[in-house]
Structures are given as C-alpha cells and as structure tokens.
Amino acid sequence: MVRVPLSPQERQRGERFGALLRQARGERSMVDVAAAAGVSAETLRKIETGRAPTPAFFTVAALAHALDLSLDELAVACAEDVDCDGQALSA
C-alpha cells in the first residue's frame with residue numbers, strides 16, 4: 001500500500017501539535033510523559049519534532065490524558081487558523 005504524501009498544511013498542523021505537546025510537557029521529561037501515556041519516548045520525540053505529523057488517535061488520546069489536555073482543546077489549538085496558544089492567526 002502506497003501512502004499519500006502529506007500536504008504542507010498537514011505537516012504544519014503536525015508541527016503545531018508537536019509544539020503544543022512540548023509546551024504542555026513543561027519541565028516533565030519526555031521519558032516520564034511517554035511512560036505515562038504508554039508510548040515510547042521515540043514516538044513522543046517524533047511527534048514533538050513534527051517527524052510524525054499524523055499520530056494515531058489513541059496515541060493522541062493517551063498523550064492528552066497524560067498531559068491533562070482535552071481533545072477538544074487540542075483540536076482547536078491545532079486547527080489551521082489558530083496558533084498553538086489557541087489565538088486566531090491574522091489573515
């Protein structure tokens with residue numbers, strides 16, 4: 001099965017998501033957050049750096065739970081028209 005290349009917008013959304021996770025993680029180590037979410041530290045590293053811009057839903061849900069973030073907040077924060085703080089981007 002051939003995977004369709006991601007669009008620039010999808011890559012940017014993945015980068016916004018990664019930045020949001022890094023911000024939410026704060027001073028907690030990547031290893032601690034990954035363990036709490038039940039994912040590998042390498043998986044979290046790839047998501048945070050944008051190298052895995054489309055993680056599986058259950059990975060996102062587990063990370064959201066580990067970081068005490070709501071899925072709704074994540075969806076809004078990573079939408080195309082807002083930045084990682086949920087602020088509307090200017091046109």
Side-chain angles (χ1 to χ4, degrees):
M1 180 161 101
V2 176
R3 189 170 192 180
V4 177
L6 298 175
S7 70
Q9 293 82 8
E10 290 169 320
R11 290 197 177 282
Q12 290 170 353
R13 184 180 58 221
E15 290 169 3
R16 286 191 299 272
F17 179 62
L20 179 64
L21 292 182
R22 278 193 306 280
Q23 181 181 20
R25 184 165 55 85
E27 296 297 317
R28 292 175 67 184
S29 78
M30 191 175 286
V31 173
D32 288 343
V33 171
V39 301
S40 72
E42 183 60 20
T43 295
L44 180 54
R45 182 177 293 108
K46 286 179 181 179
I47 295 168
E48 284 190 359
T49 60
R51 290 185 312 166
T54 57
F57 172 78
F58 290 105
T59 300
V60 173
L63 288 167
H65 180 72
L67 293 168
D68 198 29
L69 297 170
S70 85
L71 291 174
D72 289 337
E73 290 170 346
L74 285 175
V76 169
C78 293
E80 288 184 39
D81 57 347
V82 297
D83 66 14
C84 287
D85 294 323
Q87 302 297 312
L89 297 175
S90 59

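Throughout, residue positions are numbered sequentially from 1 according to the sequence presented. Values reported hereafter were calculated over all heavy atoms of this structure, with side chains retained and with hydrogens, waters and symmetry mates removed.
- For the pair Ala37 and Ala62, the tightest heavy-atom approach, listed with the atom from each and the gap, is O-CB, 3.2 Å.
- The shortest non-hydrogen separation linking Arg11 to Pro53 is NH1-CG, 4.2 Å.
- Cluster membership check: Leu6 does not share its hydrophobic cluster with Val60, using side-chain heavy-atom separations under 4.5 Å among Ile, Leu, Val, Met, Phe, Trp and Tyr.
- Note that CD of Glu10 and CD of Gln12 are 10.5 Å apart. Values are rounded to the nearest 0.5 Å.
- Counting heavy atoms from C-beta outward, Thr54 and Arg3 have side chains that approach closer than 4.5 Å.
- Between Leu63 and Phe58 there is no side-chain heavy-atom pair separated by less than 4.5 Å.
- Listed for the Arg16 side chain is a donor-acceptor partner under 3.5 Å among the backbone atoms of Cys78.
- For the atom pair CG of Leu71 and NE2 of His65, the computed distance is 11.0 Å after rounding to the nearest 0.5 Å.
- With sequence neighbours left out, Arg28 forms a salt bridge (charged side-chain N to carboxylate O under 4.0 Å, His left out) with no residue at all.
- Annotation: salt bridge (charged side-chain N to carboxylate O under 4.0 Å, His left out) contacts of Arg45 (sequence neighbours excluded): Glu42.
- No path of Ile, Leu, Val, Met, Phe, Trp and Tyr side chains, each step under 4.5 Å between heavy atoms, connects Leu21 with Val31, placing them in separate hydrophobic clusters.
- Counting heavy atoms from C-beta outward, Ile47 and Thr59 have side chains that approach closer than 4.5 Å.
- Among pairs with a residue in residues 52-73, none fulfils salt bridge (charged side-chain N to carboxylate O under 4.0 Å, His left out), at least two apart in sequence or across chains.
- Note that CG of Leu69 is 6.0 Å distant from CG of Leu20, once rounded to the nearest 0.5 Å.
- The minimum heavy-atom distance between Ala66 and Ala36, with the atom names listed, is CB-CB, 3.9 Å.
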